[in-house]
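Atoms within each ligand, like the ligands themselves, are counted from 1 in listed order. We use all heavy atoms of the structure for the numbers below, so side chains are in, but hydrogens, waters and symmetry mates are not.
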Amino acid sequence: MLLIASANGSVGMEAGWEILATGGTALDAVEAATRLVEDNPEDHSVGYGGYPNLLGTVELDASLMDGATRRAGTVGAVRGYRHPITIARGVLERLPHVMLVGEGAERLAAELGMEPEQLLTEETRRVWRDGLHGRLDPSDSRQHLLDRISGLLADPEHAAGTVNFLAIDKAGNMASAVSTSGWAWKYPGRLGDSPVIGAGNYCDDRFGAAACTGWGELAIRGATAHSVVGGLAFGLGLAGAAERAVADLRGLDVPGGEPIMHLVALDSAGHHVGLSTQPGNSYLAWEESQSAYSTLPRRVVSLGQ
Ligand code: ASP
């Protein structure tokens with residue numbers, strides 16, 4: 001058994017481990033753990049209390065992948081439901097599809113019995129209004145955002161967050177979950193890497209699993225999560241596969257800033273690793289021999305030329 005997560009997954013670790021320790025599936029563990037992060041209003045990068053898009057609407061992305069079957073469910077740009085991970089599970093289990101976006105995902109949420117709600121909190125509404133002060137008229141949703149996007153993308157409130165959980169259960173099966181409110185003040189309808197299988201999330205019992213946080217556009221362009229698992233499939237060790245996947249992003253431009261990528265990964269032997277392009281970041285790991293999870297440093301892989 002093994003459960004690893006990005007550092008902001010701490011609120012879900014106990015619940016996820018409890019499911020694994022009592023014989024539950026990796027898929028159940030990563031979903032339950034993710035739901036607790038989605039419930040946390042203090043986390044402005046995931047679920048309820050996540051930062052909104054340019055127009056002040058919270059749009060959530062999430063994905064789940066089952067390593068035994070390589071079945072996946074993902075949702076993008078979901079409005080008004082705090083648990084996109086559970087809608088993603090509905091896609092995985094109830095539909096012959098992999099991805100749903102917008103209204104279709106919201107329709108599925110309602111059919112699954114989920115209750116719609118306002119996901120902006122007082123705090124995130126205030127930060128959004130203050131952050132965009134003088135640059136947008138929040139009451140006019142038809143204004144031309146394209147001319148303003150470059151200034152807005154450099155907003156100091158740009159959120160780096162997103163939650164990743166990867167698990168191996170008692171039966172040796174793996175699952176991976178990613179959930180996010182995405183890039184703060186993003187252009188409406190923007191999807192990041194989190195709902196894109198192979199970019200922000202990939203899981204295959206034969207080799208391992210990986211999930212990303214950071215600049216989603218980079219992980220999409222580099223197919224980063226699959227790049228890690230592909231490295232394992234071609235015989236690289238876990239650390240080498242993960243480092244190669246991040247190093248593969250060198251030279252990709254990002255608008256107005258430093259390219260940032262973080263990932264967590266594990267292999268079928270139960271090794272795990274966390275990587276970041278910046279120093280000072282950590283990830284969480286709970287192994288069978290431990291009575292509680294540990295917080296471990298991420299290895300740094302520079303994207304400098
Ligand atoms: N990867 C997420 C996205 O691009 C955001 C993040 O992890 O900070 O939507």
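- Y81 is linked by a ring-ring contact (aromatic ring centres under 6.0 Å, His included) to nothing, counting only residues two or more places apart in sequence or in another chain.
- Distances between N or O atoms of G216 and those of ligand 1 include at least one value under 3.5 Å.
- For the ligand labelled ligand 1, residue K186 lies outside the 4.0 Å heavy-atom shell.
- In terms of the side-chain hydrogen bond (donor to acceptor under 3.5 Å, both in side chains) criterion, residue partners of E123 (sequence neighbours excluded) are, by chain and number, H44.
- The existence of a salt bridge linking R89 and D28 is confirmed by a sub-4.0 Å separation between a basic side-chain nitrogen and an acidic carboxylate oxygen.
- Within ligand 1, the atoms closer than 4.0 Å to a non-hydrogen atom of T213 are 7 (O), numbered from 1 in the order shown.
- At a 4.0 Å cut-off, at least one heavy atom of G161 sits close enough to ligand 1 to count as contact.
- Ligand 1 has a nitrogen or oxygen under 3.5 angstrom from a nitrogen or oxygen of G214.
- Electrostatic pairing of E111 and R107 counts as a salt bridge here, judged by a charged N lying under 4.0 Å from a carboxylate O.
- Between W215 and ligand 1, no N or O atom pair is found at a separation short of 3.5 Å.
- Residue-to-ligand polar distances place T162 within reach of ligand 1: an N/O pair is separated by less than 3.5 Å.
- In summary, the side chains of D248 and S227 do not present any donor paired with an acceptor at a separation below 3.5 Å, with no hydrogens or angles considered.
- A salt bridge links R190 with E217; the closest basic N to acidic carboxylate O contact falls under 4.0 Å.
- For the pair D193 and ligand 1, the shortest N or O to N or O distance falls below 3.5 Å.
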